[in-house]
Amino acid sequence: MNLTLGQKLIRTKQAERHHDEAGSGGLQRSLSLFPLTMIGVGATIGTGIFFTMVEAVPKAGPAVILSFLLAALTAGLTALCYAELAGRVPAAGSSYSFAYATVGEFAAFIVAACLLLEYGLAGSAVAIGWSDYLNNFLSNAFGWEIPAHLRSPMFESSHHNIQFNPGNFNLPPVILVAMCCLLLVRGTKESATTNTIMVLVKLAILIFFAVIAFTGFDAANFTPFFSPDPDSGYVGMAGVTAAAGTVFFSFIGLDTIATAGEETNNPRRNVPIGILAALLIVTAFYMLVAVAAMGAQPARMFAGQEAGLSVILQNVTGQAWPALVLSLGAVVSVFSVTLVTIYGQTRILYAISRDGLIPKTFQKVNKRTLAPVSNTVIVCLVVGTVAGLVDSGFLWDMVSMGTLTAFIVVSIAVPVIRAKQGPGEPGNFRVPFGPYVIPGLSVLACLYIMKDLSPATFRVFFIWIGVAVATYFLYSVRHSRLNKAQ
């Protein structure tokens, strides 16, 4: 059957085929509910708290607490959509697989491009932030710091200009990515166990931070509540929304749980529960740490502060040991953020490759470890290169843009798949209040946050989408597996 170009763009992959392909000679189902939930928590907690307070507080002031609430509310609306779709399409690929089963191949490929932007840059940005805490730990523990030229980027953004520093290379994040690569090629089960341990360490460290930070709590630090600086371009709720856009990427963990659907036991039950459980855990810890941090330190001190939470503890106690403990905890636990972010990237590429839209290299699975080794190595090379060369300041907003776009498509997919499949099997999770109210609110909330991202972010995003469109028409549309089936 010869299809027109228009028909090829909107052809869909049946949800049943996603389910039948899962576990048939490819990835292995080895994840139960608890490690699956910990993958979501591991991908989320750490990024928004350990690093982005430095970027978000100068925009919103103490009202950054509202920014986290706004981001959590938006993520919560989308989480409900993810929960239903994950039960209906329990496959690797997350938003990409959902889009392919509902709105068509071309839209799915664009979503895939957003996910690659989201996960790849998130892995690089988190690895860069890890470098600051490693240096803080080495300084407090041994009185030695990593030489500045070995922990500084070659390309640094400043007021939308790019500064070139040819003698610099940020080595620590490259080492971190290499360690993640070695662990991931050994297999999913081993990686998930290691991640669970690191997540529990992370939660303990954040509770430790909050307990000590609250001893230096000063309510005066919350006045004025909104950022009063008109020169920054962020006043009142505009600052809150802009900061929400900066921290929103940290809810990427919800998407990561969905990428593991093909390696999860009883995915129709465990993936929706894991998504909602991770959201509740993450939101509770974000609010706890944000309130403690803002109470312990005036908003003006956050700008440009390296290893911010460690510095807060050192200032509150006047001693180095609390900062030492937190820096060590961050060094260990942020490893898990990078690990699961890279993991999510490889599983999305695996799903796209299996559908024929990118080369077959990305779907080859090692027979012994049942891990996509070549895929993992390629991803780590790209993530490590970006982390070693580029400043993290611009990456946060780009990750949020990719995340918000993917979330919008997921929300739109709910009414579409409900119309195609009906109410679904008894016992499967369904978005409450029908297929339009929650998804519609989710789309509006994502657009509200997206509108205050910087013009430079929009420019780079549209360039990236342009590259994706060219790739689809030059390669993907002809190599799609659906060409052989139709």
Side-chain angles (χ1 to χ4, degrees), residues 9 43-44 47-48 70-71 73-82 85-86 93-125 241-242 244-259 275 341 344-345 347-349 351-352 357 394-417 438-472 476:
L9 296 180
T44 307
T47 48
L70 177 59
L73 175 62
T74 304
L77 293 171
T78 313
L80 296 174
C81 301
Y82 265 108
L85 292 171
S94 182
S95 311
Y96 160 76
S97 295
F98 302 157
Y100 212 161
T102 54
V103 293
E105 183 176 278
F106 178 71
F109 192 78
I110 298 304
V111 170
C114 293
L115 292 175
L116 296 181
L117 185 73
E118 171 186 340
Y119 280 90
L121 296 186
S124 299
T241 309
T246 298
V247 304
F248 189 81
F249 87 94
S250 58
F251 288 92
I252 192 176
L254 305 177
D255 195 288
T256 308
I257 292 176
T259 68
I275 289 172
T341 302
Q345 175 85 295
R347 270 42 182 185
I348 292 165
L349 287 168
I352 305 169
L357 303 181
F394 183 65
L395 298 182
W396 302 122
D397 284 356
M398 288 305 306
V399 176
S400 288
M401 176 65 87
T403 306
L404 287 162
T405 305
F407 279 15
I408 288 172
V409 175
V410 166
S411 302
I412 294 172
V414 170
V416 176
I417 203 167
I438 298 296
L441 290 174
S442 175
V443 171
L444 292 175
C446 289
L447 291 174
Y448 179 70
I449 292 177
M450 188 183 290
K451 70 180 177 62
D452 284 316
L453 293 174
S454 69
T457 300
F458 278 92
R459 286 195 297 270
V460 174
F461 178 74
F462 286 124
I463 291 172
W464 174 253
I465 295 301
V467 172
V469 170
T471 302
Y472 178 79
S476 305

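Just so it is clear, the model here is predicted, and its values are computed rather than measured.
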**Q** Got a second to check how far Leu73's CG is from Tyr448's OH, nearest 0.5 Å?
**A** 11.5 Å
**Q** Within this structure, what is the CZ-OG1 distance for the pair Phe461 and Thr457, rounded to the nearest 0.5 Å?
**A** 10.5 Å
**Q** Calculate, to the nearest 0.5 Å, the distance between atoms CD1 and CZ belonging to Ile465 and Phe458 respectively.
**A** 12.0 Å
**Q** Nearest 0.5 Å, what's the OG1-CG distance between Thr405 and Leu117?
**A** 8.5 Å
**Q** So do the side chains of Val409 and Phe98 get within less than 4.5 Å of each other, counting heavy atoms only?
**A** no
**Q** Closest approach of Val416 and Thr102, non-hydrogen atoms and distance?
**A** CG1-O, 3.6 Å
**Q** Measure from the side-chain N and O atoms of Ser442 to the backbone N and O of Ile438, and report whether any donor-acceptor pair falls under 3.5 Å.
**A** no
**Q** Taking the side chain as C-beta and beyond, is there a heavy-atom pair between Ser411 and Cys446 under 4.5 Å?
**A** no
**Q** Please find the pair of heavy atoms, one from Leu116 and one from Gln345, that lie closest to each other, and give the distance.
**A** CD2-OE1, 2.9 Å
**Q** I'd like to check Phe407 versus Leu77 (side-chain heavy atoms, cut-off strictly below 4.5 Å). Are they in contact?
**A** no
**Q** Does some side-chain heavy atom of Val460 sit less than 4.5 Å from a side-chain heavy atom of Trp464?
**A** no
**Q** In Å, rounded to the nearest 0.5 Å, how long is the span from CD1 of Ile449 to CG of Leu404?
**A** 6.0 Å
**Q** Minimum heavy-atom separation for Ala122 to Thr341, with atom names?
**A** CB-CG2, 3.8 Å
**Q** If you take all heavy atoms of Phe109 and Thr471, which pair is closest and at what distance?
**A** CZ-CG2, 4.0 Å
**Q** Of all the heavy-atom pairs spanning Ala112 and Tyr96, show the shortest one and how long it is.
**A** CB-CD1, 3.8 Å
**Q** Distance check, rounded to the nearest 0.5 Å: Ile408 atom CD1 versus Cys81 atom SG?
**A** 11.5 Å
